[in-house]
Amino acid sequence: MTDSHIILHVGAPKCGSSALQTALTMTPDLEDAAGRRYRYTFCPTARPGWHLLYGAEVQRAGRRSKYGYASWPDLRKDADPALVFRALQKACRTGLRAGHVPIASCEGWINSPEVFARVLAEWGHPPVDVVAFLRPPVDWVNAAYWQWGIWHAPSIDAWLQQGNLHYRLGLDLEAWSKIPNVRLHVRRPQPDVVQKFAEIYGVTLPGVGMPNASSSPSLIGFLLRNRRFRRSAHDSSVEFIVQRWCPPVPGRKPWAIRARHVHLMRQVTKRNVDAVMRVVSEAERQDLLGDPRWVQEKPYHPAILAGPTVVDDRTELPHLHAALLQGVRNASEAAGAAVPALPDCPAASASLEHWDSVLASVMDALLAADLAVRQQAGEAGAKDVRRRVLNMLARRMR
């Protein structure tokens with residue numbers, strides 16, 4: 001296979017995608033030891049006439065975003081697929097002409113191998129790299145429930161009954177591997193998804209932590225009780241803002257899976273693990289199996305025996321209050337603004353309603369400070385654009 005015309009990072013969701021997208025947004029222009037150039041690109045809107053962003057424009061888009069990064073639209077919910085593919089084809093042609101390999105990223109593309117197979121066939125099957133990171137099925141289902149399911153289902157059992165037991169990321173990757181001229185790279189995201197991607201292509205990327213790590217149970221409980229901060233399963237921007245400015249809240253990570261769920265998932269897990277193992281290299285197989293949860297249930301026993309996580313434990317709320325206060329201080333400093341007066345930590349005997357009132361005031365201050373930082377980034381970007389236009393006009397006049 002010749003050098004790829006494009007690198008598609010296709011996900012999976014809850015597998016380090018936000019961390020990788022953040023790193024690529026911060027450092028969109030890359031070069032390996034042989035001088036091969038890579039450019040992370042981004043299409044900001046899904047309307048006729050939309051254009052590709054590169055370099056400093058990608059960086060500015062990330063700084064302006066609530067999420068802190070730039071990524072491509074999801075075919076299933078964010079954009080007209082025809083426009084997405086038109087832009088991807090433009091990225092390929094621009095890269096071939098300019099001598100770089102474009103990188104495009106969307107964590108939801110892993111679910112659309114059939115659509116990509118049809119379009120790539122129409123393009124004459126150009127060489128394409130497809131990069132994916134995977135967590136073990138049971139671990140992924142638990143993370144997915146806390147990310148999406150808990151916001152619209154009364155329990156994990158109800159959520160699984162809605163069809164969410166049908167984990168098929170392994171089967172999706174097997175379908176991707178069957179597309180002619182596609183070279184598949186599969187890794188687990190731990191311990192550092194950004195550095196694993198960098199190693200595949202021999203480039204250097206900055207460490208960014210995990211921008212979309214699991215939120216603390218106390219934050220999840222607060223958001224569930226105060227839906228104006230997170231109105232739907234896919235409206236997770238507040239959690240990104242909290243993680244961007246606030247120190248971690250100590251305590252147990254969210255867990256919902258019980259023994260009966262593991263038993264229900266056994267056939268699904270086996271089908272997907274078998275599918276992944278059929279399409280990865282021996283080195284990738286060893287990387288995946290570095291997490292024993294791919295093939296063993298015993299590592300889940302401690303979490304299962306500890307029981308489902310409680311999200312309304314008032315003893316954890318002082319830690320959340322302290323973290324949000326520090327986040328306000330951090331964001332205010334970044335915005336060059338004074339830290340506003342905020343309510344003190346309630347007494348241990350305070351009602352949950354009083355706690356929520358205090359926490360909501362602090363959260364509002366955090367969101368306002370974050371908005372100020374992002375608006376300043378947008379204004380700086382607008383000044384850069386105006387300066388470039390004036391320079392261009394001056395050159396033409398000369």
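These values consider heavy atoms only, across backbone and side chains, with no hydrogens, waters or symmetry-generated copies.
In summary, the aromatic rings of W176 and F116 are positioned with their centroids under 6.0 Å apart. Ring centroids of F222 and F229 are separated by less than 6.0 Å, placing the two rings close together.
Neither W159 nor V310 shares a network with the other; the hydrophobic side chains, linked directly or stepwise wherever heavy atoms of I, L, V, M, F, W or Y lie under 4.5 Å apart, form separate groups for each. In the hydrophobic clustering of this structure, L288 does not group with L171; members are Ile, Leu, Val, Met, Phe, Trp, Tyr whose side-chain heavy atoms approach within less than 4.5 Å, directly or through other members. Side-chain heavy atoms closer than 4.5 Å link hydrophobic residues (I, L, V, M, F, W, Y) into clusters, and following such links, possibly through other members, connects M277 to W140.
Here the shortest heavy-atom pairing between E297 and H301 reads O-CD2, 3.4 Å. Minimum heavy-atom separation, Y67 to S236: CE2-OG, 3.7 Å. Minimum heavy-atom separation, A256 to I156: CB-CD1, 3.8 Å.
Looking at D129 and Y201, their side chains do bring a donor and an acceptor atom within 3.5 Å of each other. With 3.5 Å as the limit, one finds no donor-acceptor pair spanning the side chains of E239 and Q243. In the model, Q326 has a side-chain atom that pairs as donor or acceptor with a side-chain atom of R329 under 3.5 Å.
Between T22 atom OG1 and L205 atom CG the span is 11.5 Å, to the nearest 0.5 Å.
Contact of the L53 side chain with the P44 side chain is registered, since non-hydrogen atoms from C-beta on lie closer than 4.5 Å.
At most 12 non-hydrogen atoms from other residues, nucleotides or ligands lie less than 6.0 angstrom from CD of E333.
Using a cutoff of 4.0 Å between basic side-chain nitrogens and carboxylate oxygens, R293 and D291 are scored as salt-bridged. A salt bridge does not link R231 to D235: none of the charged side-chain nitrogens sits closer than 4.0 Å to a carboxylate oxygen. Electrostatic pairing of E199 and K196 does not count as a salt bridge here, judged by no charged N lying under 4.0 Å from a carboxylate O. Using a 4.0 Å cut-off between charged side-chain N and carboxylate O, R225 and D356 make a salt bridge.
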